[in-house]
Amino acid sequence: MKKVLTIAGSDCSGGAGIQADIKTITVHGMYAMSVITALTAQNTTGVYGIFEAAPEFVGQQMDCVFSDIRPDAVKIGMVSNADIIRVIARKLREYAAENIVVDPVMVSTSGSALLSPAAQEALVEELLPMGRVITPNIPEAEALCGKKIENRRDMRRAAESIGEKTGGAVLIKGGHLEGEACDLLWDGGEPCWFIAPRIENPNTHGTGCTLSSAIACALAAGYPLGEAVKRAKAYLTKALKAGLDLGKGSGPLNHMAGV
Ligand SMILES: Nc1ncnc2c1ncn2[C@@H]1O[C@H](COP(=O)(O)OP(=O)(O)OP(=O)(O)O)[C@@H](O)[C@H]1O
Ligand SMILES: Cc1ncc(CO)c(N)n1
């Protein structure tokens, strides 16, 4: 059985973060492991509290995972502070982790900041260059390239500029633009578009977490990056289309509907 590790924050409401990742990995028929960087008190209406893990404890969790059950792929989500980011980067290097997908989580779907400015800098310097692919959404891509993104042309320019900075592939998710749900993968050559119809479903809590863990699963299964993104997007689209409607705000996906 393939093993996939998620390094992320806990979402007690179950739709994003560690919980979304474990559900996604499990329905892909893979063995899920988790290194928890922070506990969040959140639900479909917002993030109300964040309790960060001590950096040494994040390191200890990584030692326990890598020294025993080596992951075939690693997904990184919310990492919250610079010291945690540095420990994660050091341990990933120490264990020569493979197939790393970094979702540079900065803001929640509900608009709350999940990353401090100092942590943003550490993320860019230390963690993004380790990713086989990084998966910013539109506001995150804007923060990373310092320019506004309003259309597909802007997405293309941003992907190239971010990719040149980090040295790896970039998938910019277009969920926050209007019209079709277009994501752009840039891996050094001609960019590749992944286009799905926009689903009229306001319940999009955890779409980004779910997509990045599904990409990690496909990489663990041995698919090349383009195929991994294609499969992950198909999974995400099905999970969104299933039309689960829970909570008072932007609700979660049906992770079970995707496979
Ligand atoms: N209404 C929608 N219909 C179809 N696909 C969507 C829709 N909204 C988002 N997506 C897709 O979901 C994936 C995640 O994109 P999105 O831009 O929502 O990420 P995100 O903001 O990081 O997510 P989150 O912060 O909610 O976890 C992308 O593949 C995007 O195209
Ligand atoms: C813990 C966590 N990670 C990521 C997101 C992004 O949606 C969230 N809301 N919560």
Side-chain angles (χ1 to χ4, degrees), residues 1-42 47 49-106 114-116 118-119 122-135 168 206 208-222 228 232 255:
M1 181 182 278
K2 296 293 182 187
K3 295 98 57 193
V4 179
L5 168 66
T6 166
I7 303 174
S10 158
D11 167 10
C12 58
S13 69
I18 286 284
Q19 288 78 359
D21 297 341
I22 291 180
K23 289 173 197 181
T24 301
I25 298 164
T26 305
V27 299
H28 278 78
M30 297 185 182
Y31 183 76
M33 298 181 281
S34 59
V35 164
I36 301 188
T37 57
L39 305 178
T40 68
Q42 66 172 302
V47 180
I50 299 178
F51 184 75
E52 290 172 1
E56 311 74 60
F57 194 70
V58 172
Q60 202 179 0
Q61 293 178 74
M62 289 185 69
D63 285 335
C64 283
V65 169
F66 277 93
S67 63
D68 192 21
I69 305 177
R70 186 179 166 77
D72 298 293
V74 180
K75 173 250 157 92
I76 302 173
M78 176 187 169
V79 284
S80 62
N81 77 45
D83 289 339
I84 290 179
I85 290 168
R86 281 192 273 271
V87 168
I88 295 171
R90 181 158 51 81
K91 292 290 175 189
L92 290 173
R93 265 194 299 272
E94 184 181 329
Y95 294 108
E98 293 164 294
N99 294 321
I100 301 171
V101 180
V102 189
D103 187 11
V105 175
M106 296 174 183
L114 293 170
L115 200 67
S116 70
L123 184 75
V124 171
E125 296 295 317
E126 297 254 1
L127 226 39
L128 297 190
M130 303 191 79
R132 170 66 185 96
V133 62
I134 66 168
T135 62
C209 305
T210 302
L211 184 75
S212 55
S213 345
I215 295 172
C217 289
L219 291 177
H255 287 95

Worksheet item: Do I84 and P55 have side chains that get closer than 4.5 Å, going by heavy atoms?
Response: yes

Worksheet entry | Interatomic distance, R70 atom CZ to D72 atom CG [nearest 0.5 angstrom] | 8.5 Å

Worksheet item: Which atom pair, heavy atoms only, marks the closest approach of C217 to M30?
Response: O-CE, 3.2 Å

Discussion item. So if I apply the side-chain contact (heavy atoms from CB on, under 4.5 Å) rule between V102 and each of V79, T135, I76, which one comes out positive?
Written reply: I76

Worksheet entry | Closest contact, heavy atoms only, A119 versus A82 | CB-N, 3.9 Å

Worksheet item: At what distance, to the nearest 0.5 angstrom, does OG of S10 lie from CG of D21?
Response: 10.5 Å

Worksheet item: In Å and rounded to the nearest 0.5 Å, what is the CD1 to CD distance from I36 to Q61?
Response: 6.5 Å

Discussion item. Does any part of the side chain of D63, heavy atoms only, come nearer than 4.5 Å to the side chain of K91, both counted from C-beta?
Written reply: yes

Worksheet, complete the sentence: So CD1 of I215 and NZ of K75: to nearest 0.5 Å the spacing works out to 9.5 Å

Worksheet item: Which distance, rounded to the nearest 0.5 Å, do you find between the CG of L39 and the OG of S80?
Response: 10.0 Å

Worksheet item: Looking only at heavy atoms, which two atoms of A220 and V4 are closest? And how far apart?
Response: CB-CG2, 3.9 Å

Fill in: Which atom of G206 lies closest to which atom of A16, heavy atoms considered
CA-CB, 3.8 Å

Practice prompt. For side-chain contact (heavy atoms from CB on, under 4.5 Å), just list the numbers for L123 and L128, CA-CA rounded to whole Å, side-chain angles, deciding distance to a tenth of an Å, and then say yes or no.
Written response: CA-CA 6 Å; L123 184 75; L128 297 190; 4.0 Å; yes

Worksheet item: Going by the side-chain hydrogen bond (donor to acceptor under 3.5 Å, both in side chains) test, which pairs reach into residues 31-40, not counting sequence neighbours?
Response: T40-Q42

Worksheet item: How close do Q19 and D11 get, heavy atom to heavy atom, and via which atoms?
Response: OE1-N, 2.7 Å

Item to complete: Say whether, by atom type as modelled, one donor and one acceptor occur between the side chain of K23 and the main chain of G14 under 3.5 angstrom.
Response: yes

Practice prompt. Could you check if a side-chain atom of I88 sits within less than 4.5 angstrom of a side-chain atom of M130, using non-hydrogen atoms only?
Written response: no

Worksheet item: Is a side-chain donor or acceptor of D103 paired with a backbone partner of V105 at a separation under 3.5 angstrom?
Response: no

Worksheet entry | Nearest-0.5 Å distance, CG of residue L92 to CE of residue M62 | 4.0 Å

Item to complete: Determine the minimum heavy-atom distance between G15 and H255, stating which atoms define it.
Response: O-CE1, 4.0 Å

Practice prompt. Measure the shortest side-chain to side-chain distance between V35 and F66 over non-hydrogen atoms and say whether it is less than 4.5 angstrom.
Written response: no

